[in-house]
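The analysis underlying the following values was restricted to heavy atoms, covering all of them including side chains, and did not include hydrogens, waters or symmetry mates. Throughout, numbering of the chain's residues begins at 1 and tracks the sequence.
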Amino acid sequence: METVTLWRPTGPEELALVEASGWREWPPRLPDQPIFYPVLNEEYATMIARDWNVKASGVGFVTRFEVRREFLDRYDVHQVGGQSILEYWIPAEELSDLNAHIVGEIEVVAEYR
C-alpha cells in the first residue's frame with residue numbers, strides 16, 4: 001500500500017477536534033468551508049501556520065499525515081502560487097472518505113506563536 005505524505009496548517013480549534021478524534025481524522029468543514037486543503041510540502045504548511053494562523057488565533061500548528069495514494073489519485077494537485085505552493089482540493093462532502101484513507105495518526109510537527 002503506497003501512501004502520500006500531506007501537511008495541514010491549522011489553528012487551535014481545529015487541532016482540538018483532531019485530538020478528540022484520537023488523532024485519526026479531520027473534523028467536518030464549517031458551512032463556509034466547502035473545500036478541505038491539505039498541502040504537499042512542509043514549507044508551504046509552515047508559511048500558512050506561521051503567517052496566517054498565528055495572526056488569526058495566536059497560534060498555528062503544522063500537522064503531517066499519510067493518505068493512501070489510491071484515494072488521492074482521483075484528485076488533481078493544484079498549484080496556487082509559486083512552484084512549491086501545491087495542494088489538493090477535497091470537497092467537504094468527501095472529507096469522511098479522506099479520513100477513512102488516512103494511514104496512522106495525524107501528527108503535530110511544529111507550533112508557532
Side-chain angles (χ1 to χ4, degrees):
M1 167 186 55
E2 190 176 352
T3 63
V4 174
T5 302
L6 296 177
W7 309 85
R8 172 105 175 131
T10 186
E13 295 84 13
E14 183 176 54
L15 190 65
L17 295 171
V18 171
E19 182 178 16
S21 78
W23 303 100
R24 295 286 187 188
E25 62 184 44
W26 294 100
R29 303 288 78 204
L30 299 173
D32 63 337
Q33 299 173 326
I35 307 248
F36 179 75
Y37 300 96
V39 304
L40 277 73
N41 63 71
E42 185 175 8
E43 295 78 22
Y44 179 32
T46 296
M47 180 181 69
I48 296 169
R50 185 189 58 226
D51 300 345
W52 299 356
N53 293 113
V54 171
K55 286 179 187 172
S57 58
V59 62
F61 301 94
V62 175
T63 62
R64 177 179 58 211
F65 59 107
E66 300 285 326
V67 177
R68 290 186 183 101
R69 179 174 294 285
E70 66 186 51
F71 172 80
L72 290 173
D73 282 347
R74 67 175 104 158
Y75 301 96
D76 293 327
V77 172
H78 296 267
Q79 183 177 352
V80 296
Q83 269 189 314
S84 65
I85 311 288
L86 304 171
E87 57 193 27
Y88 283 101
W89 296 356
I90 311 294
E93 61 272 11
E94 297 174 26
L95 184 56
S96 62
D97 201 15
L98 174 123
N99 284 332
H101 288 90
I102 291 175
V103 176
E105 294 183 349
I106 299 165
E107 307 171 80
V108 175
V109 298
E111 177 179 330
Y112 298 93
R113 294 187 180 270

TODO: Supply the atom-to-atom distance Ile102 CD1 to Arg68 CZ, rounded to the nearest 0.5 angstrom.
DONE: 10.0 Å
Task: Gap separating the CG atom of Leu6 from the CD1 atom of Ile106, nearest 0.5 angstrom - done: 10.5 Å
Open item on the list: Listing request: all side chain to side chain donor-acceptor pair (under 3.5 Å) pairs with a residue in residues 70-94, at least two apart in sequence or in separate chains.
Closed with: Tyr44-Glu87, Arg74-Asp97, Tyr75-Glu94, Glu87-Trp89
Task: Of all pairs that satisfy side chain to side chain donor-acceptor pair (under 3.5 Å), the ones with a partner from residues 23-37, not counting sequence neighbours - done: Glu14-Arg29
Among the clusters formed by ILVMFWY side chains lying less than 4.5 Å apart, do [X] and [Y] turn up in the same one?
X: Val77; Y: Phe36; answer: yes
X: Ile90; Y: Val39; answer: no
X: Val103; Y: Val4; answer: no
X: Tyr112; Y: Val109; answer: yes

TODO: Work out which heavy atom in Pro27 is nearest to a heavy atom in Leu95; give both atom names and the distance.
DONE: O-CD2, 3.0 Å
- [ ] Compare every heavy atom of Trp7 with every heavy atom of Leu40, then report the nearest pair and how far apart it is.
- [x] C-CD1, 3.6 Å
TODO: With the side chain counted from C-beta on, respond yes when Val18 and Thr63 share a heavy-atom pair under 4.5 Å apart, and no when they do not.
DONE: no
Tabulate below the donor-acceptor pairs under 3.5 Å that side-chain atoms of residues 45-62 make, not counting sequence neighbours, or state none.
{"unit_1": "Thr46", "atom_1": "OG1", "unit_2": "Glu42", "atom_2": "O", "d": "2.8"}
{"unit_1": "Ser57", "atom_1": "OG", "unit_2": "Asn53", "atom_2": "O", "d": "3.0"}
{"unit_1": "Ser57", "atom_1": "OG", "unit_2": "Val59", "atom_2": "O", "d": "3.1"}

